[in-house]
Amino acid sequence: MRDLNEQQELRLEKSGRLRQNGIDPYPRRSRRTHATREVVDSLDDLAAAGQEVIVVGRLRARRDMGRTVFADIEDGTGRIQLLCRANTLGAEGLEFLKSDLDLGDIVEVRGVPMRTRTGEPSVDVREVRLLAKSLNPLPDKWHGLEDVETRYRQRYVDLMVNPEVRDVFLRRARIISEMRRYLDDRGFVEVETPVLQPIYGGAAARAFTTYHNALDQTLYLRIATELYLKRLLVGGIERVYEIGKDFRNEGTSTKHSPEFTMMELYQAYADYSDIMVLVENLVCTLAQQVNGSAQVRFRGQEIDLTPPWSRVPLRDAILQHTGVDYEAYPETESLAAAVREAGIETRPGATRAELIDELLDNTEPRLIQPVFLIDYPVELSPFAKRKPDNPSVTERFEFFIGGIEVGNAFTELNDPVDQDERFREQVAEREAGNEETSQYDEDYVNALMYGMPPTGGLGIGIDRLVMVLTDSPSIRDVILFPHMRARHRLVGQLSCS
RNA sequence: GGGCCGCUAGCUCAAUUGGCAGAGCAACUGACUCUUAAUCAGUGGGUUGGGGGUUCGAUUCCCUCGCGGCUCACCA
């Protein structure tokens with residue numbers, strides 16, 4: 001036996017001893033009759049009836065008074081106190097609890113609900129059974145687990161001892177299921193499109209590459225679901241959405257994860273202003289359903305999600321926050337000079353799109369209250385339809401809450417000739433060295449050539465939305481197992497002597 | 001990738017100018033029949049992230065590697 005510390009070794013020995021005495025430390029099943037919460041909620045009725053219950057849970061605390069031992073167990077619904085007395089549980093049962101069980105073990109107890117003198121809801125225990133032996137000691141009962149690296153790497157421990165972490169992930173699940181319900185109720189059809197794609201597109205990002213042996217084919221992990229979903233509109237599904245992972249081969253940050261969850265939806269016979277109404281109603285509804293309020297606190301700021309949200313042209317927002325009016329500089333060189341003059345560093349040789357992006361990056365942190373920035377330049381938006389009165393601008397918006405971009409939407413480009421040109425521009429840029437442009441997707445253009453209805457489309461970064469609605473400062477706090485560099489092994493051989 | 005910060009017992013954290021590596025919880029032994037961070041008495045537990053260097057002596061100073069956090073860059 002290697003790599004085990006003193007406490008682990010002791011617990012493993014106990015486990016072996018139990019086995020020798022004919023007690024399986026990992027028995028098949030439990031006879032649970034009540035969740036701890038059910039017992040607490042109807043305690044007085046159960047106590048009055050003197051009804052026996054069987055509850056289960058992880059042993060979280062033990063207070064040994066000699067002939068009386070108090071213990072707390074915790075299941076998925078909450079905690080309850082156990083009152084274990086020599087004259088009701090018996091000397092043998094009490095000794096089992098004191099000597100053979102450890103904090104962290106999963107146990108089953110049979111007993112009668114009651115209140116102690118201080119009024120604490122408890123179970124007067126008649127029988128204790130071990131359901132699963134815990135070999136690892138729990139973190140500090142008061143401080144819990146704080147080390148960020150361990151919390152991410154061993155999320156199971158984090159969830160075990162930090163209730164607020166569990167709450168975040170329960171709310172995340174709720175947000176997603178309520179979002180599904182909201183869309184289903186409005187006639188949207190949920191679909192699944194390929195994750196492995198021969199050509200990736202629909203966003204500006206580098207892809208992960210993989211390989212299909214049997215087909216002898218290079219495949220990419222999708223960076224967006226966009227182009228497949230819009231094929232479905234060509235096929236006649238008028239309202240469609242997908243919730244799933246996208247993958248982008250990029251660095252991480254508090255707002256970026258290489259794999260993240262995206263909801264994309266497309267609605268035929270709608271445009272981007274219809275989508276704005278949908279977004280503000282959806283997000284506000286989710287906040288009310290999950291948090292009970294349209295007001296959220298995020299990074300110390302009070303945010304009001306009540307519709308309508310303001311709609312501000314991108315140009316105006318950037319002008320207001322950086323002092324640069326990019327439309328006043330039609331040439332890349334003059335815009336670059338203006339950006340530099342505003343005190344923003346730029347990459348030498350940056351394209352116009354990159355410069356505007358840079359200006360937006362400097363604007364984004366100031367967008368605390370929910371806002372739609374509308375009307376993006378066409379060079380930033382290869383799949384968005386141009387505005388009728390100004391072909392250099394598209395009907396596109398991004399929305400921001402709490403200083404981060406949460407979603408992106410536009411009136412979809414359905415003109416195959418225009419789309420063909422945009423793809424060509426993207427390809428030209430790629431040849432000029434920009435790896436984050438879209439590949440030419442011939443089949444997609446072919447689909448458009450059959451005719452796609454006028455359509456409004458939307459993408460929402462689910463992780464970021466969850467960040468805002470749960471006041472989580474980092475995207476890693478809303479992803480159960482965030483990506484980490486590989487680490488050496490945790491346990492050695494667990495051979496039992 | 002750059003900059004800054006961090007890594008000490010199972011967990012949470014100390015350690016003066018470079019001078020015997022400590023505390024609380026957890027664990028172990030004992031006392032205690034209504035406690036709830038139970039209490040009281042006692043005991044064990046360390047490759048101070050790894051490697052190298054300076055020094056009589058390194059948790060402390062230097063170099064290097066690893067992992068993480070923040071931040072900038074990259075990137076929606």
Side-chain angles (χ1 to χ4, degrees), chain A residues 3-11 13-14 60-72 79-89 91 94 98-99 102-104 114-122 124 134-154 157 160-162 202-206 223-224 246 248-258 260 262 345-347 350 353-354 357-358 360-361 364 373 376 380-381 398-400 404-408 434-436 459-461 463-464 473-476 482 484-488 490:
Chain A
D3 291 29
L4 293 186
N5 65 42
E6 185 191 15
Q7 296 191 45
Q8 291 170 320
E9 234 165 294
L10 212 65
R11 284 164 178 239
E13 277 169 31
K14 279 190 197 180
R60 289 302 306 272
R62 189 169 47 191
R63 296 176 290 282
D64 186 346
M65 316 280 301
R67 297 204 136 72
T68 298
V69 176
F70 293 91
D72 299 335
R79 273 193 192 211
I80 196 164
Q81 176 172 271
L82 308 179
L83 172 60
C84 307
R85 291 178 296 179
N87 55 356
T88 46
L89 175 58
L94 199 65
K98 287 164 106 166
S99 306
D102 292 290
L103 295 187
M114 49 91 67
R115 281 186 199 279
T116 56
R117 275 176 211 164
T118 55
E120 179 75 21
S122 308
D124 191 9
S134 166
L135 298 182
N136 285 326
L138 291 176
D140 189 281
K141 70 176 170 188
W142 192 242
H143 299 96
L145 180 64
E146 311 240 310
D147 182 71
V148 182
E149 184 176 352
T150 312
R151 285 187 43 224
Y152 292 154
R153 287 189 192 275
Q154 301 184 45
V157 184
M160 212 181 293
V161 300
N162 293 325
R206 272 188 282 176
I223 58 173
D246 287 345
R248 297 186 183 175
N249 206 338
E250 295 153 358
T252 61
S253 78
T254 48
K255 293 185 294 185
H256 298 86
S257 168
F260 60 99
M262 178 83 107
E345 284 184 39
T346 64
R347 190 177 64 83
E354 285 172 326
D357 226 22
E358 192 61 45
L360 177 54
D361 279 347
E364 183 174 346
L373 296 193
Y376 279 54
L380 269 62
S381 316
E398 293 186 312
F399 69 98
F400 299 81
I404 61 179
E405 182 215 331
V406 178
N408 179 23
N434 185 351
E435 274 187 74
E436 279 120 27
I460 292 183
D463 313 276
R464 291 182 178 180
S474 167
I475 199 167
R476 293 186 200 89
M484 294 262 190
R485 217 166 286 233
R487 199 95 192 278
H488 16 275
L490 288 171

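In what follows, chains carry the letters A, B, and so on, assigned in the order in which the sequence lines appear, proteins first and then strands, with residues in each chain numbered from 1.
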From [atom1] of [X] over to [atom2] of [N], roughly how many Å is that when rounded to an integer?
X	N	atom1	atom2	value
A:Leu4	B:rA9	CG	C1'	16 Å
A:His143	B:rG24	NE2	C1'	8 Å
A:Arg60	B:rC25	CZ	C1'	13 Å
A:Glu146	B:rA14	CD	P	12 Å
A:Gln81	B:rC34	CD	C1'	8 Å
A:Asp124	B:rU33	CG	P	16 Å
A:Arg85	B:rU35	CZ	P	13 Å
A:Met114	B:rC34	CE	C1'	8 Å

Do you know the tightest heavy-atom contact between [X] and [Y]?
X	Y	value
A:Glu405	A:Glu398	OE2-OE2, 3.4 Å
A:Arg248	A:Ala224	NH2-CB, 4.3 Å
A:Asp102	A:Lys14	OD1-NZ, 2.8 Å
A:Glu9	A:Leu4	OE1-O, 3.5 Å

Sequence neighbours left out, what passes salt bridge (Lys or Arg N to Asp or Glu O under 4.0 Å) with [X]? Give chain and number order.
X	answer
A:Arg151	A:Asp158
A:Glu354	A:Arg347
A:Lys98	A:Asp64

Ignoring backbone atoms, test whether A:Arg485 places a side-chain nitrogen or oxygen under 4.0 Å from the OP1 or OP2 oxygen of B:rG68.
-> yes
**Report entry** N or O in side chain of A:Arg153 less than 4.0 angstrom from B:rG68 OP1/OP2
**Finding:** yes
What nucleic acid atoms does [X] come within less than 4.0 Å of, heavy atoms only: base, sugar-phosphate, or nothing?
X	result
A:Ala86	nothing
A:Gly144	sugar-phosphate
A:Glu398	base

Suppose we screen for side chain to side chain contact (heavy atoms under 4.5 Å, CB included). Which residues come up paired with [X], at least two apart in sequence or across chains?
X	result
A:Ser257	A:Ile475, A:Ile479
A:Pro473	A:Asp477
A:His143	A:Asp140
A:Thr118	A:Thr116, A:Glu120

Integer angstrom distance from the [atom1] of [N] to that of [M]:
N	M	atom1	result
B:rC11	B:rG52	P	25 Å
B:rG6	B:rG42	C1'	36 Å
B:rA14	B:rC61	P	15 Å

Comparing A:Trp142 with A:Glu354, nearest RNA chain B nucleotide closer to 5' gives the residue A:Trp142
Assert: residue with more 5' nearest nucleotide on RNA chain B, out of A:Thr116 and A:Leu145, is A:Leu145
Polar atoms only, N or O, under 3.5 Å: list the protein pairs with nucleotides 69-71 of chain B and their distances.
| from | atom 1 | to | atom 2 | distance (Å) |
| --- | --- | --- | --- | --- |
| B:rG69 | OP1 | A:Arg476 | NE | 3.3 |
| B:rC70 | OP2 | A:Arg476 | NH1 | 3.1 |

Winner on side-chain proximity to A:Asp147, out of B:rC75, B:rU12, B:rC34, is B:rU12
Dot-bracket for RNA chain B, 5' to 3', Watson-Crick and G-U pairs with both distances under 3.5 Å, [ ] for crossing pairs, | for partner on another strand, reads (((((((..((((.....[..)))).(((((.......))))).....(((((..]....))))))))))))....
Under a 4.0 Å heavy-atom criterion, the protein footprint on nucleotides 26-31 of chain B, written with B, S and -, is BSS---
Residue set satisfying ring-ring contact (aromatic ring centres under 6.0 Å, His included) with A:Phe399, at least two apart, ordered chain then number -> A:Trp309
Base B:rU35 to side chain A:Arg63, donor-acceptor N/O within 3.5 Å cut-off:
yes
Only distances under 3.5 Å count here; give the side-chain donor-acceptor pairs of residues 81-88 of chain A to other protein atoms, sequence neighbours excluded, each with its distance to 0.1 Å.
| from | atom 1 | to | atom 2 | distance (Å) |
| --- | --- | --- | --- | --- |
| A:Gln81 | OE1 | A:Arg63 | NH2 | 2.8 |
| A:Gln81 | NE2 | A:Ser122 | OG | 3.1 |
| A:Arg85 | NH2 | A:Asp124 | OD1 | 3.4 |
| A:Arg85 | NH2 | A:Asp124 | OD2 | 2.8 |
| A:Thr88 | OG1 | A:Arg85 | O | 3.4 |

